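Report on one structure; see the data block that follows.
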There are 2 protein chains.
Amino acid sequence: MNLKKLASELKEFEGVSRKKEIKSVVESLRYDDSEYYFDIISDFGDDAAIIGIDEEKAILLAADGIWGNLLEKDPYWAGYCAVLVNANDIAAMGGAPIGMTNIISINDEEVGKEVLRGIKDGVEKFGIPMIGGHTHPDAKCNVLDVSITGIVKKDSVLRSDTAEIGDKVVFAYDLDGKIHEKFDLNWDTTTMKPKKLVRDQLKALEIIGEKKLATACKDISNPGALGTLGMLLEVSKKGAIVDINKIPMNKEVPLNQWLKIYPGCAFVFTAKEENIEKLKEVLKFVNITAEVCGEVIEERKLIVKKDEEEEILFDFNKEYICGC
Amino acid sequence: MNLKKLASELKEFEGVSRKKEIKSVVESLRYDDSEYYFDIISDFGDDAAIIGIDEEKAILLAADGIWGNLLEKDPYWAGYCAVLVNANDIAAMGGAPIGMTNIISINDEEVGKEVLRGIKDGVEKFGIPMIGGHTHPDAKCNVLDVSITGIVKKDSVLRSDTAEIGDKVVFAYDLDGKIHEKFDLNWDTTTMKPKKLVRDQLKALEIIGEKKLATACKDISNPGALGTLGMLLEVSKKGAIVDINKIPMNKEVPLNQWLKIYPGCAFVFTAKEENIEKLKEVLKFVNITAEVCGEVIEERKLIVKKDEEEEILFDFNKEYICGC
């Protein structure tokens with residue numbers, strides 16, 4: 001496939017372009033209050049916000065809304081994914097989940113029941129309680145929003161704005177899965193696996209955080225592999241060169257689809273050369289295939305290579321993904 | 001006004017009846033997982049869920065969605081209230097707020113801007129950062145959901161399921177305010193006050209919790225004064241007799257409206273006789289008028305009295321408000 005065409009497709013796809021809306025929200029909500037007692041270590045721009053609550057620990061806060069079209073087409077899957085995405089947001093910070101709250105706005109009782117069934121199965125799979133929330137039984141349209149709170153030791157947190165020049169870029173995927181029958185951009189890796197493995201996959205990130213095996217991390221989500229890496233580089237104020245051929249992939253899925261896929265369990269890391277072996281080992285132990293695919297550079301561009309071709313996917317001097 | 005008619009009106013009004021939807025959600029999401037590391041002290045049924053994270057402290061989680069009609073009619077006020085309601089949920093537990101996340105689903109850019117403006121003013125007034133969230137720029141309808149995380153010492157938490165027989169029922173309102181020009185069931189007490197007083201009003205609840213001046217507490221919200229007391233009694237598995245004439249009220253507002261009002265700062269407490277004076281004093285110091293209005297009884301009914309009349313407002317042996 002022509003790399004120029006692929007790059008264009010990846011840049012324009014909805015999973016990336018809708019992130020632009022974050023910028024105006026972040027700018028509106030800049031916080032600066034001398035009476036605030038806690039320590040905001042990081043707010044918008046990462047998979048979860050980090051707030052120090054004492055000498056040792058920080059609370060992690062994240063929230064996700066499930067796209068309307070997902071909820072309409074498969075409310076069960078929307079409910080299940082609401083848990084999955086939040087679980088991954090906390091894991092991507094190296095944290096342990098405490099609990100979730102949900103807000104379900106339903107204008108269709110059957111949809112509501114299916115959403116709850118999906119949430120219930122998600123709660124059972126991931127082992128994170130849904131312990132509060134709010135219900136709108138009279139909404140104009142169906143909306144599902146979920147928030148999660150987690151906890152992490154301050155010295156073990158995995159951030160996404162801490163990539164350093166010379167770090168290796170590592171993509172890591174659970175390659176055992178299947179395309180969801182209704183959503184060709186969902187790579188389901190969890191519904192068929194025992195809950196112990198699914199939970200261990202996320203606990204592996206806590207180990208990576210504690211042992212400082214990565215300098216930065218994000219879970220791969222809506223923007224796909226390279227869009228997610230782009231967001232990490234954007235907030236780190238760095239660039240990278242990535243060889244697309246090295247990204248772990250399931251060979252049955254076309255390349256352009258794979259790179260846009262929202263996987264059930266996948267992460268992008270930056271890491272020091274000396275930690276790569278251990279990082280790969282920890283992930284392999286929980287069935288996640290990790291490969292070095294590139295390197296972090298000073299120049300603030302995400303450059304992708306494939307065979308003999310090279311393209312600039314994002315130039316952060318001229319454009320932004322989320323603007324954080 | 002005829003008490004029978006008033007009771008009927010209070011029972012049927014939307015602020016109370018929509019709480020019924022909570023029951024099915026709670027039943028679906030019962031949690032029982034031996035691997036869960038933390039300590040769920042309380043989940044659904046209170047203003048916030050309480051999860052113990054160590055010997056001394058517990059995290060509080062709450063979430064609220066802003067009613068569609070509020071958002072449509074006045075998006076600025078919806079944004080502001082999103083902060084207000086969450087701040088009160090944490091205060092009602094005797095907790096201190098850590099931070100909020102929001103999910104804004106907007107299909108109208110102007111509405112989106114107004115919502116953000118309201119949130120920003122709410123953040124500035126209440127001193128609680130909005131530190132994360134999610135934006136849907138392409139939603140089918142406008143929805144605003146906000147979650148908050150707080151923290152509290154386990155021995156200072158104020159719960160709503162801990163009312164005891166013989167306790168006094170105390171209603172407490174900031175009576176200095178005005179009906180919102182667009183919403184006749186909103187009693188605005190905060191927009192015209194300095195942020196120091198507004199914040200001190202909520203901090204007063206932390207003092208009430210620490211000094212154990214109340215046995216139970218809820219902030220008065222959508223279901224109004226008696227609907228909120230009803231929810232407290234329902235989860236406490238108790239009843240009460242209340243003299244409506246003793247409820248603090250602003251005399252310019254008709255009684256049936258006042259009792260359905262969602263106030264900017266108001267709480268219902270149950271408390272031991274010996275703590276009443278101190279409780280009233282702490283609240284008076286921050287401009288909240290508190291009065292003893294009744295007593296907690298064993299019989300699981302909320303009985304309301306006015307002059308010579310008496311009515312059963314809720315009979316929890318036969319019906320439920322939220323079913324938690």
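Just so we're on the same page: letters track the sequence lines, and every chain starts at 1. Computed from a predicted model, the values in this text were never measured in an experiment.
- Ring geometry, B/Tyr80 versus B/Tyr76: the interplanar angle falls under 30°, so the pair is classed parallel (tilted spans 30 to 60°).
- Heavy atoms of B/Val85 lying under 4.5 Å from chain A are absent altogether.
- B/Lys153 NZ: 12 or fewer foreign heavy atoms inside a 6.0 Å radius.
- Interface remark: A/Arg199 contributes side-chain atoms only to the contact with chain B (heavy atom separation under 4.5 Å).
- Options B/Leu61, B/Ile119, B/Val143, B/Asn102 differ in how many heavy-atom pairs under 4.5 Å they form with chain A, and the most are formed by B/Leu61.
- A/Leu185 places none of its side-chain heavy atoms less than 4.5 Å from the side chain of A/Tyr262.
- Of the candidates A/Thr162, A/Val157, A/Leu158, A/Leu158 is the only one forming a side-chain contact (heavy atoms from CB on, under 4.5 Å) with A/Cys217.
- Using a 4.5 Å cut-off between heavy atoms, A/Lys113 makes no contact with chain B at all.
- Side-chain contact between B/Val146 and B/Asp64: absent, with no pair of heavy atoms (C-beta onward) separated by less than 4.5 Å.
- Highest contact tally toward chain A, considering only B/Ile131, B/Ile40, B/Asp43, is held by B/Ile131 [criterion: heavy-atom pairs under 4.5 Å].
- Heavy atoms of B/Ile51 lying under 4.5 Å from chain A belong exclusively to its side chain.
- Proximity to chain B is limited to the side chain of A/Ile151, based on heavy atoms less than 4.5 angstrom apart.
- When B/Thr228, B/Asp46, B/Asp47 are each tested for a side-chain hydrogen bond (donor to acceptor under 3.5 Å, both in side chains) with B/Lys218, only one passes: B/Asp47.
- Using a 4.5 Å cut-off between heavy atoms, A/Ile50 does not touch chain B at all.
- Looking at A/Asp161 and A/Arg159, a side-chain N of the basic residue comes within less than 4.0 Å of a carboxylate O on the acidic one, giving a salt bridge.
- Comparing A/Ile128, A/Ile103, A/Val123, A/Thr149 by heavy-atom pairs within less than 4.5 Å of chain B, the highest count is held by A/Ile103.
- For A/Ile59, the part lying near chain B is the side chain, with the backbone staying farther off; criterion is any non-hydrogen pair under 4.5 Å.
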